[in-house]
**Student:** 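Provided herewith is a single structure, encoded as structure tokens, for subsequent inquiry.
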Amino acid sequence: MKISVHGRVTLYDYEPTADDVAGEVLRGLAAPDKTLPCKLFYDARGSELFEQICALDEYYPTRTELGILQEYGRQIAALIGPRVRLAELGSGSSTKTRLLLDRLADPAAYVPIDISRVQLLEAATALAADYPDLPVLAVCADYTQPFELPEPPTPAARTVAFFPGSTIGNLEPPDAVRFLRRVAKWCGRGGGLLLGVDLKKDRAILEPAYDDSRGVTAAFNLNLLERINRELGADFQLDGFRHRAVYNEDRGRIEMHLDSLRPQTVHLLGHDVHFAEGETIDTEHSYKYDVEEFERLAGRAGFEMVRVWTDPRRLFGVLYLTVA
Ligand code: AVI
């Protein structure tokens, strides 16, 4: 790990190496049920498309969570308490954090954690300029891998992790439990977790959120194939695949697919990948939870539910949990 100082921001750089994209792609496409990992969505183009998704009429999670944080920010800040070390997992542009920081009493430090060094430093620098008394300790790391949280210059009363956006839903439930166990270790006894969770609801709301009328989510899904063409020299024909999103009610998850529209062979790093007509690549799961169901899952990781805030339609939940 390397430490460097950038104006008011201290950067703790775990130098995440570029993932073994080729290996993961080949393994996923060689499986009997073809898959691609959803973390590969977020190259520069994919991140741009995701920002557009967040602004879509059909994609309710982003604006609903923002509304909850705006409406209940004071209560949330009061529960978190003074002198907190606030660690944000996958901090991105840190937009939602400002709603919290504006209301927190004398926070000890803000620790944004993100894998994208450029975006992390940009957001952390802008935030440090707007909160001149707040120590900003940025960590460049893949938060699903081990790393240590930096200590604030003066000791914090407690550590609270902030994980908005319902990104927890993109992990398979056993992986979510493993991940939350690690978060519980960082926060320690008395620490907390403020988390966004997308709630179970009618498929008439869910499916359009993942298959919008303007085709932005379709472009986001197909960009995976474009990325593989670009970075690994594959020859996916984009007009040979179609985006499909379906709510699997039994599993409580949205499943995103790319369906092959015809029999075809794709060439990739010396391998021939055959597709039958109608064969699918499973590209993302987005789990939806009931509050009680999530409480049980978090309980297995050592968290206790303290408080839940939702919107009037109960589309989305913001949960505050503490380490038991
Ligand atoms: C990042 N994540 C929480 C989004 C979701 O809703 O599962 C990713 C996404 N996929 C399609 N639209 C949005």
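Each ligand, and each atom within it, is numbered from 1 in the order the structure gives. For the single chain, residues carry numbers from 1 onward in sequence order. The structure displayed is predicted, hence computed values, not measured ones.
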**Student:** Less than 3.5 Å between some nitrogen or oxygen of Thr217 and one of ligand 1, yes or no?
**Tutor:**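 In this structure, Thr217 places no N or O atom under 3.5 Å from an N or O of ligand 1.
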**Student:** How close does the nearest protein non-hydrogen atom get to atom 3 (C) of ligand 1, and which residue and atom is it?
**Tutor:**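 The answer is Asn170 OD1, 3.2 Å.
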**Student:** Tell me: protein heavy atom nearest atom 10 (N) of ligand 1, and distance?
**Tutor:**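 Closest protein heavy atom to atom 10 (N) of ligand 1: Glu284 OE1, 2.7 Å.
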**Student:** If you measure every N/O of Ser166 against every N/O of ligand 1, is any gap under 3.5 Å?
**Tutor:**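 No: no nitrogen or oxygen of Ser166 is under 3.5 Å from one in ligand 1.
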**Student:** Based purely on interatomic distance, does Tyr42 place a nitrogen or oxygen under 3.5 Å from a nitrogen or oxygen of ligand 1?
**Tutor:**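 No; the residue has no nitrogen or oxygen that sits under 3.5 Å from a nitrogen or oxygen of the ligand.
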**Student:** Could you find the nearest protein heavy atom to atom 4 (C) of ligand 1 and give me its residue, atom name and distance?
**Tutor:**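 Here the nearest protein heavy atom works out to Tyr59 OH, 3.4 Å.
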**Student:** Is it the side chain, the backbone, both or neither of Asp198 that has a heavy atom closer than 4.0 Å to ligand 1?
**Tutor:**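 Contact part for Asp198 vs ligand 1: neither.
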**Student:** Hey, which atoms in ligand 1 end up nearer than 4.0 Å to a heavy atom of Gly165?
**Tutor:**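 What qualifies from ligand 1 is 3 (C).
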**Student:** Which pairs count as side chain to side chain donor-acceptor pair (under 3.5 Å) when at least one residue sits in residues 292-305, sequence neighbours excluded?
**Tutor:**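 Pairs touching residues 292-305 that pass the test: Lys200-Glu293.
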**Student:** Please evaluate residues Thr217 and Asp211 with respect to the criterion side chain to side chain donor-acceptor pair (under 3.5 Å), reporting the C-alpha separation (whole Å), side-chain torsions for both, the decisive distance (0.1 Å), and the verdict.
**Tutor:** CA-CA 6 Å; Thr217 313; Asp211 193 6; over 6 Å; no
**Student:** What are the two closest non-hydrogen atoms of Gly81 and Leu104, and how far apart are they?
**Tutor:**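 Scanning both residues, the minimum pair turns out to be O-CD2, 4.3 Å.
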**Student:** Consider every N or O of Thr167 and every N or O of ligand 1, then say whether any pair is closer than 3.5 Å.
**Tutor:**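 No.
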**Student:** For Phe162, does the six-membered ring have the charged nitrogen or CZ of Lys96 within the cation-pi criterion, i.e. under 6.0 angstrom from the centroid and within 45° of the normal?
**Tutor:**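 No, cation not above the ring by the 6.0 Å, 45° rule.
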**Student:** Heavy atom under 4.0 Å from ligand 1: found in Phe220's side chain, backbone, both, or neither?
**Tutor:**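 Just the side chain.
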**Student:** With the side chain counted from C-beta on, respond yes when Tyr131 and Val136 share a heavy-atom pair under 4.5 Å apart, and no when they do not.
**Tutor:**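 Heavy-atom side-chain distance check fails, nothing below 4.5 Å.
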**Student:** Answer yes or no for Phe41: is there a heavy-atom contact with ligand 1 below 4.0 Å?
**Tutor:**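 Judged by the 4.0 Å heavy-atom criterion, Phe41 does not count as contacting ligand 1.
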**Student:** Considering non-hydrogen atoms of the protein only, which is the closest contact for atom 7 (O) of ligand 1, and what is the distance?
**Tutor:**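 Result: Ser286 OG, 2.7 Å.
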**Student:** Shortest non-hydrogen contact from Phe316 to Gly165?
**Tutor:**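 Answer, listing the atom of Phe316 first, then Gly165: CZ-C, 4.2 Å.
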